[in-house]
Amino acid sequence: MSIATEAHARHDHWVDETSRPATASRFLVPIGRACFGAIFIKSAPGHFAAQSVAYAAHQGVPLPSILVPLSGVLALLGGVSVLLGYRARIGAWMLVAFLVPVTLMMHNFWAVADPQMAQLQQGMFMKNLSMLGGALLITYFGAGPLSLDGRSGR
């Protein structure tokens with residue numbers, strides 16, 4: 001058994017709802033998934049707007065008319081997957097694939113000359129970094145209790 005498999009086996013009890021008492025705290029994970037997925041679901045439609053494509057082009061994103069809508073699809077599918085807890089690990093990987101390039105290309109505060117705008121972009125960069133951490137946690141631990149994955153034994 002590999003080290004990663006052993007570590008995952010030790011933490012399986014974190015996502016096995018049968019090992020938890022039936023208390024209100026079991027709702028914390030689905031509420032957390034809803035809060036986490038909401039920002040991606042809410043922002044996804046904006047990725048199909050001409051202004052978003054133009055802004056991305058201004059930021060130096062290559063092929064913005066293709067990549068910006070594609071990022072919207074990744075954000076929407078990943079957000080819904082995490083929200084529902086359906087194939088949440090795959091959905092979280094979609095969010096990772098969305099967040100890494102968006103964070104580096106769109107919030108590159110180190111390249112901004114205006115101090116106020118640099119500070120704003122640094123805040124957005126850190127927000128995305130924290131969401132990246134959340135997505136990576138979901139890729140490891142899965143959807144948790146009260147999820148479609150939990151019902152199917154994934």
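- Side chain of Asp114 to main chain of Met117: a donor-acceptor pair is present (N/O by atom type, distance under 3.5 Å, no hydrogens or angles).
- Remark: side-chain polar atoms of Thr139 are not paired, donor with acceptor, to backbone N or O of Trp93 under 3.5 angstrom.
- Considering only heavy atoms from C-beta on, Arg33 comes within 4.5 Å of Ser147 through its side chain.
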Criterion side chain to side chain contact (heavy atoms under 4.5 Å, CB included) on Ile138 and Val82, from CA distance to verdict: CA-CA 8 Å; Ile138 294 168; Val82 167; 3.7 Å; yes

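- Neither Val68 nor Phe98 shares a network with the other; the hydrophobic side chains, linked directly or stepwise wherever heavy atoms of I, L, V, M, F, W or Y lie under 4.5 Å apart, form separate groups for each.
- Tyr86 and Val73 fall into different hydrophobic clusters, where Ile, Leu, Val, Met, Phe, Trp and Tyr residues are linked whenever their side-chain heavy atoms come under 4.5 Å apart, directly or through other members.
- Leu95 and Val80 are not part of a single hydrophobic cluster, where members link through side-chain heavy atoms under 4.5 Å apart.
- Rounding to the nearest 0.5 angstrom, the gap separating the CG atom in Leu77 from the CE atom in Met94 is 5.0 Å.
- Here the straight-line distance linking atom NE2 of His58 with atom CD of Gln51 works out to 15.0 Å at 0.5 Å rounding.
- Rounded to the nearest 0.5 angstrom, Leu129 CG and His107 NE2 are separated by 11.5 Å.
- Of the inter-residue distances, the one linking Phe125 atom CZ with Ser130 atom OG reads 11.0 Å to the nearest 0.5 angstrom.
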What do the steps show when you test Met106 against Val61 for side chain to side chain contact (heavy atoms under 4.5 Å, CB included), and what is the final call? CA-CA 8 Å; Met106 303 303 289; Val61 173; 3.8 Å; yes

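- The shortest heavy-atom contact between Ala92 and Ala135 is CB-O, 3.4 Å.
- Each of Val112 and Met126 belongs to its own hydrophobic cluster when Ile, Leu, Val, Met, Phe, Trp and Tyr are linked at side-chain heavy-atom distances under 4.5 angstrom.
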Let me check something: any side-chain donor-acceptor pairs from residues 35-42 under 3.5 Å, sequence neighbours excluded? List them with distances.
none

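- When atom types are taken as modelled, the side chain of Asp149 and the backbone of Ala88 share a donor-acceptor pair closer than 3.5 angstrom.
- Taking 4.5 Å as the limit, every side-chain heavy atom of Gln59 sits out of range of all side-chain heavy atoms of Met105.
- For the residue pair Pro64 and Pro69, the shortest heavy atom distance occurs at O-CD, 3.5 Å.
- The local environment of CD in Gln119 is sparse, with at most 12 non-hydrogen atoms from other residues, nucleotides or ligands closer than 6.0 Å.
- In this structure, the separation between CD on Gln121 and NZ on Lys127 is 9.5 Å, given to the nearest 0.5 Å.
- In the hydrophobic clustering of this structure, Leu137 does not group with Val96; members are Ile, Leu, Val, Met, Phe, Trp, Tyr whose side-chain heavy atoms approach within less than 4.5 Å, directly or through other members.
- Not one N or O on the side chain of Arg26 forms a donor-acceptor pair closer than 3.5 Å with the backbone of Leu146.
- In terms of modelled atom types and a separation under 3.5 Å, the side chain of Arg89 and the main chain of Tyr140 share a donor-acceptor contact.
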